Chemist: 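Here's a structure for you.
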Amino acid sequence: MIELQSLTFRYAGADRDALHDITLTIPDGAFLGIIGPAGAGKSTLAHAIGGIVPHAVHGDFYGAVRVNGLDTADTRLTDLSRIVGTVFQDVESQIISSVVEDELLYGLENFGVPREEIEERMTFALEEVGIAALRNRTIASLSGGQRQKVAIASLVALRPKILVLDEPTGELDPSSSRQIFSLLRTLNREYGMTVVVVEQKIMLLCEFAERLAVLNEGRIERLGEVREVLGDIAGLEAIGVNCPRSARFSSLLGEKTGQPVPVCVNADEAVEAARRVIG
Amino acid sequence: MNGLFQYVPGNSPLHRMNPVTKILLTLSVCIAAFLTDNLFVLLFLLVFDLMIGVAAGAARKAFSIFKGLFKVSLFLFVLQVLFIRRGNRLFWIVTDEGLLTAAAVVLRLLVVCLPLALILTVTQVSDIANAMVQVLHVPYAYAFTLTTAIRFIPQFMEEMGGIMESQTARGVEFDSKNVFKKLGMLFPLCAPLLISSVRRTGATATAAEVRGFNLRTRESGYKRYGFGLVDLAAVLISAALIVGAVLIP
Ligand SMILES: Nc1ncnc2c1ncn2[C@@H]1O[C@H](COP(=O)(O)OP(=O)(O)OP(=O)(O)O)[C@@H](O)[C@H]1O
Ligand SMILES: [Mg+2]
């Protein structure tokens, strides 16, 4: 379980809080999506869960963050990393090794994963992320999207209890993005991994996440089930969050016809809703 | 320049050799070159270097490194010949001792530089680092520094290229022939490049920490680096090189 209690964080030298009085509980096995405009504090929040804030980032930290009961401020970053794995937004600074295979090995070796298990975990991560063919390539020879997949695979191989991903599909094409989200769903459902993902592609997020948190100017503006949050299209657009077309469609449909129309998160649901209203 | 330190995959005996043995062989060549003053021994070492390049399947690379060093060597040679006035005068201000010393210096330079560049062609830096930690008990932090520095070379180049491209698009002429003008244009790029790499190194340090940097011990490595017959042969050759350099006057 992740508990944020009145968390406020201000970067050293900044003139306003990056996160302001955030209280949020994320239960075990949750699949939470975080969305918000640029500079809303999404990355800072992601880093606060993994303990990178405040351990590796200077600033004023108030309130408390607890993961699995451990207070992140009092726990060594190394010990926190056994529980929380973070995929950084900046892929370049995440990758340590020169070769794909070594990048996956790095964490596995350090955290003392038994030798017999290492090969199986590497193969699983490489295949599920779709980069089995890149195993022996040098990082320098990869494209941005391929590097992003390497970064994701290196954390998937570690199988942390909590996986935090900061815009993991920023450089990926639509079909790879979908593949990554399907993998996250598998990890969430079959391995019981808690998944927290910051994402700009709202369609994808709404389809896969169970709950949604909307962040704006360091505060949580909305929090709830995906459909619940999408119910207030006007409010979201005012903050600067682009809503999925299907949700905008269902809200308009309800407005124009005066009938109650459920929030639609994908095209199929929108078609179904339209049929019901017409028929 | 970019490809100079880059690993080229292969399956030659040199690729399969234990990284530590490769370091030993490289060092032996260097030590032999410094121990001897005999031009023929130096020439032999140079041929030996090139043969190693051929054996590693990197003949073309070895010769291109050789060619690249040639200009510098020529410059050094002329400089030495002009400055050394001892010995018997042959013509103008050139003496026999000057010529011999200059030749030795230049040969030594070539002999030493070639294997240092070649070792990175046949060995991945991570393997050098891992083997140094496992076999030679070098502290991991030092090995990590080495690998990270080398890992960042291509990225640094990439960024530099990116900045230059965007500046070229704005009308800055980087392809100017004038070296000073070119330096003048490159200089302002250094600050942003430096800042971004310092920031990046900080972030990479964090990335390493959250993946267990502090837990890594000598036994952590998954790959094991054994010693085989190739290694034995290389050790014997290394010994022979040094003994030869000492014994041949
Ligand atoms: N290292 C830093 N030093 C000072 N201020 C920072 C630093 N990093 C972020 N900030 C500020 O903190 C606020 C939140 O930044 P954060 O990176 O968390 O936003 P974000 O929601 O992830 O944005 P994006 O969508 O662009 O990634 C911003 O106002 C930003 O300018
Ligand atoms: Mg961000």
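On a predicted model such as this, the values are computed, not experimentally measured, just so you know. Throughout, a chain's letter reflects where its sequence line sits, starting with A, and its residues are numbered from 1.
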Chemist: Nearest 0.5 Å, please: how far is CG in A:L77 from OG1 in B:T206?
Modeler: 7.5 Å

Chemist: What part of A:I96 gets within 4.5 angstrom of chain B, counting heavy atoms only: side chain, backbone, both, or neither?
Modeler: both

Chemist: What distance separates A:M122 CE from B:Y222 OH, expressed to the nearest 0.5 Å?
Modeler: 5.5 Å

Chemist: Any side-chain heavy atom of A:R76 sitting closer than 4.5 Å to one from B:E209?
Modeler: no

Chemist: For A:V99, which atoms come within 4.5 Å of any heavy atom of chain B: side chain, backbone, both, or neither?
Modeler: side chain

Chemist: Given that the side chain runs from C-beta out, which part of A:T138 has a heavy atom under 4.5 Å from chain B: side chain, backbone, both or neither?
Modeler: neither

Chemist: Tell me, for A:L158 versus chain B, whether the close heavy atoms (under 4.5 Å) come from the side chain, the backbone, both or neither.
Modeler: side chain

Chemist: Please state whether the side chain, the backbone, both or neither of A:Y106 comes within less than 4.5 Å of a heavy atom of chain B.
Modeler: both

Chemist: A quick test of your reading: do over 12 heavy atoms of other residues, nucleotides or ligands sit less than 6.0 Å from CG of B:L229?
Modeler: no

Chemist: Is it true that atom CZ of B:F70 has more than 12 heavy atoms of other residues, nucleotides or ligands lying nearer than 6.0 Å?
Modeler: no

Chemist: Assess whether a salt bridge exists between A:E103 and B:R211, defined as any Lys/Arg side-chain N lying under 4.0 Å from an Asp/Glu carboxylate O.
Modeler: yes

Chemist: Given B:K223 and A:L105, is the side chain to side chain contact (heavy atoms under 4.5 Å, CB included) satisfied, shown in steps?
Modeler: CA-CA 9 Å; B:K223 296 179 188 159; A:L105 275 174; 4.1 Å; yes

Chemist: Side chain from CB out, backbone as N, CA, C, O: work out which of these in A:D79 comes under 4.5 Å of a heavy atom of chain B, or both, or neither.
Modeler: neither

Chemist: Between A:R82 and B:L215, does a side chain to side chain contact (heavy atoms under 4.5 Å, CB included) hold up when you go through it step by step?
Modeler: CA-CA 11 Å; A:R82 287 181 181 280; B:L215 298 171; 3.3 Å; yes

Chemist: State whether the number of non-hydrogen atoms from other residues, nucleotides or ligands found under 6.0 Å of B:Y142 atom OH is greater than 12.
Modeler: no

Chemist: Indicate the atoms forming the closest heavy-atom contact of A:S81 with B:V210, along with that distance.
Modeler: CB-O, 3.0 Å

Chemist: Can you name the nearest heavy-atom pair linking A:S93 to B:A207, along with the distance?
Modeler: O-CB, 3.6 Å

Chemist: Sort out for me which of A:I139, A:D90, A:I95 touches chain B most, counting heavy-atom pairs under 4.5 Å.
Modeler: A:I95

Chemist: A quick test of your reading: do over 12 heavy atoms of other residues, nucleotides or ligands sit less than 6.0 Å from NE2 of B:H137?
Modeler: yes

Chemist: Under the criterion side chain to side chain contact (heavy atoms under 4.5 Å, CB included), I'd like the reasoning laid out for B:E219 against A:E109: C-alpha separation, chi angles, the key distance, then a yes or no.
Modeler: CA-CA 9 Å; B:E219 277 80 38; A:E109 290 174 342; over 6 Å; no

Chemist: So which part of B:F144 gets closer than 4.5 Å to some heavy atom of chain A, the side chain, the backbone, both or neither?
Modeler: side chain

Chemist: Could you tell me which portion of B:Q124 (side chain, backbone, both or neither) has an atom closer than 4.5 angstrom to a non-hydrogen atom of chain A?
Modeler: side chain

Chemist: Could you walk me through whether B:S126 and A:D102 pass side chain to side chain donor-acceptor pair (under 3.5 Å), step by step?
Modeler: CA-CA 8 Å; B:S126 56; A:D102 291 337; 2.8 Å; yes

